[in-house]
K.L.:
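Below are the structure tokens for one structure; questions will follow.
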Amino acid sequence: MPGKEADRRRVTLTFDNGPTPGVTDNVLDALAARRVSATFFVVGTQLRQRGGLALARRAAAEGHRIGHHTATHTVQLGAAGDPEEAVAAEITAIENDIDALAGTSETEGERLFRPNAAGGVLDTRVFSPEAVRYLQRHRYTCVLWNCLPRDWENVTGWVDRALADVARIDWSVVVLHDFDTGAMDRLPAFLDGLAGMDAEIVSEFPDSCVPIRRGRLQHSLSHLTNGGG
Ligand SMILES: [Zn+2]
């Protein structure tokens, strides 16, 4: 049927807050078994724990994208007392580590960054004007989402919730967590559900979820920025 391919719903899979030994390994196995690619938004403290770096390297070697998800995931850029210090501590501090894993630099490849939105809440604590300027100046692509099934709260029910979102949204950017909640035990069921919907799993991100693309501000971040920057 003409146009069928173009009409196929798209899904971009992202895994935040890892890598976590004992969890990310199984996530990678489940993705590999189905020849599916994803993006891992990694946290610096997770990378530095035993086995963390090896898992991130394995993910990159298996064709997944690696993105920056802050150094410690403890501070929100728009809620920090000293916003410049927060940028230095949470973004700059692990920039070289992420670049090495992702094969990126300020001039090569596409640097991916996802902010820490505590509890998934998108409000003015997510960014500071300083952070937005930094991400622009250092040519980041900032990746948000439109499907947050809250796997950390509902470790089994998230699958149905995510599949319902995917059925409703033309191009879903799904946020899951390769963290030790037990939720990722249900990842194979989710991936099989996606296959049953004939969803195309892609590695790119739709404009609607990308407020900054390679350093260029695509749409206003004032609703997510402390001080309205
Ligand atoms: Zn996170």
Side-chain angles (χ1 to χ4, degrees), residues 11-28 31 38-49 51-53 55-56 59-60 64-80 83 86-95 97-98 101-102 111-128 131-132 134-135 140-155 158-159 161-162 165 172-184 186-187 190 203 205 209-212 221 223-226:
V11 179
T12 306
L13 299 175
T14 66
F15 295 89
D16 287 12
N17 295 30
T20 306
V23 178
T24 308
D25 331 46
N26 297 332
V27 167
L28 290 169
L31 296 172
T39 300
F40 289 82
F41 284 98
V42 301
V43 172
T45 46
Q46 293 292 114
L47 277 181
R48 290 199 167 89
Q49 68 173 329
L53 189 58
L55 279 169
H64 304 294
R65 303 180 78 177
I66 306 293
H68 188 317
H69 190 42
T70 77
T72 72
H73 206 274
T74 58
V75 179
Q76 288 198 270
L77 296 164
V87 167
E90 290 297 321
I91 306 179
T92 317
I94 61 162
E95 195 162 72
D97 305 82
I98 304 298
L101 284 164
R111 281 178 159 175
L112 303 175
F113 177 79
R114 173 169 278 165
N116 167 18
V121 180
L122 287 173
D123 64 13
T124 56
R125 292 170 297 181
V126 173
F127 291 110
S128 60
V132 171
Y134 184 93
L135 294 169
Y140 276 91
T141 289
C142 180
V143 180
L144 302 178
W145 54 85
N146 56 19
C147 172
L148 184 77
R150 306 186 79 82
D151 56 306
W152 71 92
E153 283 176 356
N154 191 345
V155 299
W158 70 265
V159 173
R161 191 165 171 171
D165 281 349
S172 310
V173 177
V174 183
V175 182
L176 301 174
H177 296 82
D178 51 331
F179 207 61
D180 54 2
T181 58
M184 288 305 96
R186 296 274 286 146
L187 181 64
F190 176 58
S203 302
F205 302 97
C209 292
V210 178
I212 302 171
L221 276 171
H223 62 299
L224 300 179
T225 305
N226 170 33

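Any value given below was found using the heavy atoms of this structure, including those in side chains, with hydrogens, waters and symmetry copies removed. As the structure is a prediction and not an experimental result, all values here were calculated from the model. Indexing begins at 1, ligand by ligand and atom by atom, following the structure's order.
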K.L.:
Take the angle between the ring planes of Phe40 and Phe15 and call it parallel below 30°, perpendicular above 60°, tilted in between.
P.N.:
parallel

K.L.:
Apply the test side-chain contact (heavy atoms from CB on, under 4.5 Å) to residues Trp158 and His177: give CA-CA distance (whole Å), side-chain angles for both, the deciding distance (0.1 Å), then the verdict.
P.N.:
CA-CA 11 Å; Trp158 70 265; His177 296 82; over 6 Å; no

K.L.:
Of Asp16, Asn17, Thr141, which meets side chain to side chain donor-acceptor pair (under 3.5 Å) against Arg114?
P.N.:
Asp16

K.L.:
Check whether any N, O or S atom of Asn17 sits under 2.8 Å from the Zn ion (ligand 1).
P.N.:
yes

K.L.:
Does this structure show an ion pair linking Arg186 with Asp151, if we count only N-O contacts that are shorter than 4.0 Å?
P.N.:
no

K.L.:
Looking at His73, which of its N, O or S atoms is the nearest one to the Zn ion (ligand 1)?
P.N.:
NE2

K.L.:
Does any N, O or S atom in His177 come within less than 2.8 Å of the Zn ion (ligand 1)?
P.N.:
no

K.L.:
Checking one value in my table: which N/O/S atom of His69 lies closest to the Zn ion (ligand 1)?
P.N.:
NE2

